[in-house]
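Presented below is the structure to which this report refers.
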Amino acid sequence: MALLAGDLVILGVGGKMGPTLARMAKRASDMAGVPRRVIGISRFSEPKLRYKLHSWGVETHECDLLDSKSYSHLPDAPNVVYMAGMKFGSTGQQSLTWAMNTYLPAPVSQQYRQSRIAVFSTGNVYGLSPVTLGGSRENDPPHPVGEYALSCLGRERIFEHFSRTESIKMSILRLYYAIELRYGVLMDLAQLILTGNPVPLAMGYFCAIWQGDAAAMGLRSLVHVTTPPLVLNIAGPELLSVRPVAEELAALMNKPARFEGVEGADALICNSQKAMDLFGYPHVGVRQMMTWVADWAMRGGETLSKPTHFENRAGDF
């Protein structure tokens, strides 16, 4: 953050990852001795979040980004992190999904055409990748499955269009599963084990990264933005197998693990070496994540009640 000049706007700060990134940006700026306004923009359907952000020194601005009249009141900033989007509930609300994921990048690009923009996207744009190839790479052609993934590829294409035509420097961050104590594939697996339900194996492999590390990579990408956009897979360096991860979680919780189905030959996985070369390896490793999540689940810790649906191979969310 010491290398960045100016304020930071976070669009869609009210999502699962937004508060983590906003707090990190403010703390890092303060530690770097850089005076900076960090401004979180959201509809703030949960009013308590605004008070929490304010307590961290993060300013807030309530806004529905689908309302064109609201753009005249948006705060300006030379640095923007774009986190707005829709995944859960997209099935049955396809038109809203496309509006959020594909239409919205156009007015945002026009509003912030003088800014650096880090865009959070998803690894779902690739589709499933053969396990033997080690996961999708940034130069692989996309093969999105389902309307959610298609709309997310639309998001990337619209941002890329404005990056090229308006010379906006951007990064596009294809995030895989971010892990924190209340949410993520590890919590999904831990809850299945605790409740005695079988762990599905059809999607037999996955990639994951601690949410704090993913947020740090998103912020650090603002120093590396380019036109056309720099594309990065954001995930840990490991290709994780569901079966041994579930068995390890079960051992940590002193519970048996049950399984159903067999591992498919492909999965939603990536090769994140490009990001590792740029940023270094994550600070929190897989074993530490499993230990923390197992302990949290055993103690009945709070969850976001939003399963990842990692096992879904059809792209329906």
Side-chain angles (χ1 to χ4, degrees), residues 15-17 19-20 46 86-93 122-124 127-132 135 145-146 148-149 175-214 234-270 282 284-317:
K16 296 185 298 297
M17 191 169 163
T20 297
E46 298 180 16
M86 181 171 179
K87 179 179 181 180
F88 300 113
S90 56
T91 299
Q93 299 186 83
T122 171
N124 287 90
L128 304 183
S129 175
V131 176
T132 54
V145 176
Y148 165 69
L175 178 65
Y176 281 73
Y177 292 109
I179 301 293
E180 56 127 301
L181 297 183
R182 302 168 302 165
Y183 170 85
V185 177
L186 297 183
M187 177 53 72
D188 290 350
L189 294 173
Q191 289 187 318
L192 288 170
I193 294 164
L194 279 176
T195 55
N197 289 302
V199 173
L201 293 175
M203 188 77 85
Y205 301 86
F206 68 100
C207 295
I209 185 169
W210 183 247
Q211 182 164 282
D213 287 311
I234 302 298
E238 307 92 348
L239 178 59
L240 301 172
S241 174
V242 170
R243 187 189 295 269
V245 168
E247 289 173 342
E248 178 67 18
L249 284 169
L252 288 168
M253 297 187 294
N254 196 27
K255 297 283 185 180
R258 299 171 51 224
F259 299 95
E260 65 179 4
V262 296
E263 292 87 342
D266 53 15
L268 187 66
I269 50 177
C270 78
V284 179
V286 175
R287 185 161 297 278
Q288 181 67 78
M289 287 190 274
M290 288 195 289
T291 302
W292 283 343
V293 169
D295 176 68
W296 187 260
M298 285 288 287
R299 292 192 286 113
E302 174 194 5
T303 73
L304 298 183
S305 299
K306 291 182 178 179
T308 63
H309 302 293
F310 75 91
E311 73 281 3
N312 189 314
R313 296 177 59 86
D316 299 326
F317 300 101

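One finds the CG atom of Leu186 at 8.0 Å from the CG atom of Leu240 (value rounded to the nearest 0.5 Å). How far CE of Met253 is from CG of Leu189: 8.5 Å, rounded to the nearest 0.5 Å. Taking CG of Asn254 as the reference point, atom CE of Met298 lies at 7.0 Å (rounded to 0.5 Å). One distance of note links OG1 of Thr20 with CG of Asp213; it measures 11.5 Å at 0.5 Å rounding.
Other residues, nucleotides and ligands contribute at most 12 non-hydrogen atoms within 6.0 Å of the CZ atom of Arg287.
In this structure, the side chains of Ile209 and Tyr176 stay at 4.5 Å or more apart for every pair of heavy atoms. Using a 4.5 Å heavy-atom threshold, the side chains of Leu239 and Val131 count as touching. In this structure, the side chains of Arg313 and Asp266 come closer than 4.5 Å at one or more pairs of heavy atoms. Using a 4.5 Å heavy-atom cutoff, the side chains of Tyr148 and Thr122 are in contact. The shortest distance between side-chain heavy atoms of Val284 and Met289 falls below 4.5 Å. Side chains of Glu247 and Phe259 form a contact here, defined as non-hydrogen atoms less than 4.5 Å apart. Side-chain atoms of Lys255 and Leu194, non-hydrogen and from C-beta on, do get closer than 4.5 Å to each other. Counting heavy atoms from C-beta outward, Gln191 and Thr303 have side chains that approach closer than 4.5 Å.
Scanning both residues, Ala294 and Leu252, for their nearest heavy atoms gives CB-CB, 3.7 Å. Contact record, Gly261 with Leu201: O-CD1, 3.6 Å, taken as the closest heavy-atom pair. Between Cys207 and Cys270, the shortest heavy-atom distance links the atoms SG-N, 3.4 Å. A pairwise comparison of heavy atoms in Glu180 and Trp210 identifies CA-CZ3, 3.7 Å as the closest pair. Across all their heavy atoms, Ala190 and Val293 have their closest contact at CB-CG1, 4.3 Å.
Ser129 meets the side-chain hydrogen bond (donor to acceptor under 3.5 Å, both in side chains) test with no other residue; sequence neighbours excluded. Residues passing the side chain to side chain contact (heavy atoms under 4.5 Å, CB included) test with Glu260, sequence neighbours excluded: Pro198, Pro200. Partners of Trp296 by ring pair (Phe, Tyr, Trp, His ring centres under 6.0 Å), not counting sequence neighbours: none found.
Remark: the backbone N or O of Gly196 is paired with a side-chain donor or acceptor of Arg258 at under 3.5 angstrom.
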Would you please test Val242 and Glu263 for side chain to side chain contact (heavy atoms under 4.5 Å, CB included) and show each step? CA-CA 9 Å; Val242 170; Glu263 292 87 342; over 6 Å; no

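A tilted orientation is assigned to the rings of Phe206 and Phe310, their planes being inclined by 30° to 60°.
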